[in-house]
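All ligand and atom numbering here is 1-based and tracks the order in the structure.
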Amino acid sequence: MGNCVTEQHSDKDDVSVITKTHFKFKYVIGKGGFGKVWKVQQKKTDGYFAMKVMLKSRILAKRSVSSVMNERNLLAKLKHSFLVNMHFAFQDRENLFVILDHLDGGDMRYHISWKKKFTEEQTKFFMSNIIIALEYIHNLGVVHRDIKPENLVFDSNGYMRIIDFGIARVLTQENHKDTSGTPGYMAPEVMCRQNHGISVDYFALGVIAFECMFGKRPYYGKNRKAIRDHILSKQVKIKRQDIPKGWSIEAADFINKLIQRKPVNRLGLSGPKELISHPWFADFDWEAVKSKRAISPFVPPQNKDNFDTKYANEPWKDEDSDLMKKQNELVKQAHIQALFEGYYYTRLSEYSSAVSIIRSEIPARKRKKNRNNALSLSTYGSNLNTKEA
Ligand SMILES: Nc1ncnc2c1ncn2[C@@H]1O[C@H](COP(=O)(O)OP(=O)(O)OP(=O)(O)O)[C@@H](O)[C@H]1O
């Protein structure tokens, strides 16, 4: 598999192979279910990226191979200025690596934790950013299914992008009945294992807007069951007298229409146009936001780290417990490595320039030797979405 190729050739022999040695590790900016997210700098270009490192042993222990492969495959098809885009994906024997756009404004959960609430103007701006991103993925038939503050990251200008496509799905005729997602943001039809579609993302959007308005979620509880019981027991509605000072009745109406328990009653059932044409967005300059000309009413503080610094100084390897050592031994087995086959991804532009460098710099005799690898990479490249630059 590709992994072996990486180990047999040095970078000098095969410039098309991207490895972690091509990046300088700056510091940890987040923690995910399978490992950490680092701010890194690509040595060749000096450009900053986010590197999500996922331990294969953790992925196996959590039975999540299909979820990480799914995320990588979806990210290869998606490219949009309101999403965190993938640039490269590669692996070594113990880890998967994915290189993404780096955003330095912190995630929305971090900002909710210190700000508690946002103004109507800020909330409307956040909603518009998420709607633009959702419009793009929904038009491609992709439903995210895990829209929540942790998965919304700000850039330094206060524009927001969606991350984490681990449980996203391409909608099929059959639809989906699994209960993936995060309680509190999960639509009732997902909790109850019913068929579901794009409007689950709009339910989550409504929950986030409610949280911006009141500093708490509409449906809550100590655990998953309590949250489910709360949702099933009553429809939450913001009444006229509950609307906080500084908020409009249109904002409350927009949120009320999104947090509907029944998808048939929910705004956006037939697509994002229903949200865009809601009276709350009358006179809203969508074009200025889409082109990122508009000034965001919330700019993440520039003079402090916008992430939980408790992860920042942790060393690269902190996984030497006996259990991890055992699991890493297991991961070395060929049949387990095969599960991650195809994780590689290189932007086609990067691939083409790599090929021309190989052609011009590596003598013909040596080039022949490398042909197998180049061929396998080109077959792989041809499978990728042609939208890539
Ligand atoms: N591209 C990025 N730029 C800046 N910060 C990021 C980026 N990607 C992730 N982060 C930070 O790292 C955190 C974890 O990332 P992510 O949600 O992708 O991990 P995960 O493994 O998918 O988590 P989960 O446990 O939800 O599956 C995010 O909440 C965010 O704070």
Item to check | Pair Tyr159 + Phe125: ring centers closer than 6.0 Å | outcome: yes

Checklist entry - Taking only heavy atoms of Ile29, which atoms of ligand 1 are found under 4.0 Å from at least one of them? => result 4 (C), 5 (N)

Checklist entry - Are Tyr202 and Leu269 connected, step by step, through hydrophobic side chains (Ile, Leu, Val, Met, Phe, Trp, Tyr) whose heavy atoms are closer than 4.5 Å? => result no

Checklist entry - Are the aromatic rings of Phe126 and Phe154 close, with centres under 6.0 Å apart? => result yes

Checklist entry - Are His102 and Phe49 close enough that their ring centres sit under 6.0 Å apart? => result no

Checklist entry - Going by the order shown, which atoms of ligand 1 are within less than 4.0 Å of some heavy atom of Glu150? => result 28 (C), 29 (O)

Item to check | Option set Gly166, Gly32, Ala50, criterion heavy-atom distance to atom 19 (O) of ligand 1, minimum | outcome: Gly32

Checklist entry - Do Glu211 and Tyr185 get their side chains close enough for a donor-acceptor pair, meaning under 3.5 Å? => result yes

Item to check | Option whose closest heavy atom lies nearest to atom 30 (C) of ligand 1, chosen from Asp107, Ile99, Val84, Asp146 | outcome: Asp107

Checklist outcome for this item: Nearest non-hydrogen contact to atom 17 (O) of ligand 1 from the set Val153, Val98, Asn151 belongs to Asn151

Checklist entry - Just which atoms of ligand 1 are under 4.0 Å from any heavy atom in Leu103? => result 3 (N), 4 (C)

Next on the checklist: Could you identify the single nearest non-hydrogen protein atom to atom 26 (O) of ligand 1 and state the distance to 0.1 Å?
Outcome noted: Asp164 OD2, 3.2 Å

Next on the checklist: Do Ile167 and Ile162 land in one hydrophobic cluster if side-chain heavy atoms of ILVMFWY residues count as linked below 4.5 Å?
Outcome noted: no

Item to check | Aromatic centroids of Tyr345 and Phe90 separated by under 6.0 Å | outcome: no

Item to check | His102-ligand 1 polar pair, N/O distance under 3.5 Å | outcome: no

Checklist entry - Ring centroid separation for His196 and Phe203, is it under 6.0 angstrom? => result no

Checklist entry - To the nearest 0.1 Å, how far is atom 1 (N) of ligand 1 from its closest protein heavy atom, and which atom is that? => result Asp101 O, 2.8 Å

Item to check | Top protein contact for atom 10 (N) of ligand 1, by heavy-atom distance | outcome: Val37 CG1, 4.0 Å

Item to check | Tyr219: which of Arg228, Gln235, Lys234 passes side-chain hydrogen bond (donor to acceptor under 3.5 Å, both in side chains) | outcome: Gln235

Next on the checklist: Looking only at distances, can you tell me whether any N or O atom of Ile163, backbone or side chain, sits closer than 3.5 Å to an N or O atom of ligand 1?
Outcome noted: no

Checklist outcome for this item: Atoms of ligand 1 under 4.0 Å from any heavy atom of Lys31, numbered from 1 in the order shown, are 14 (C)

Checklist entry - Any idea which part of Lys52 is under 4.0 Å from ligand 1, heavy-atom wise: side chain, backbone, both or neither? => result side chain

Checklist entry - What is the nearest protein non-hydrogen atom to atom 21 (O) of ligand 1, stated with its residue, atom name and distance? => result Gly33 N, 2.9 Å

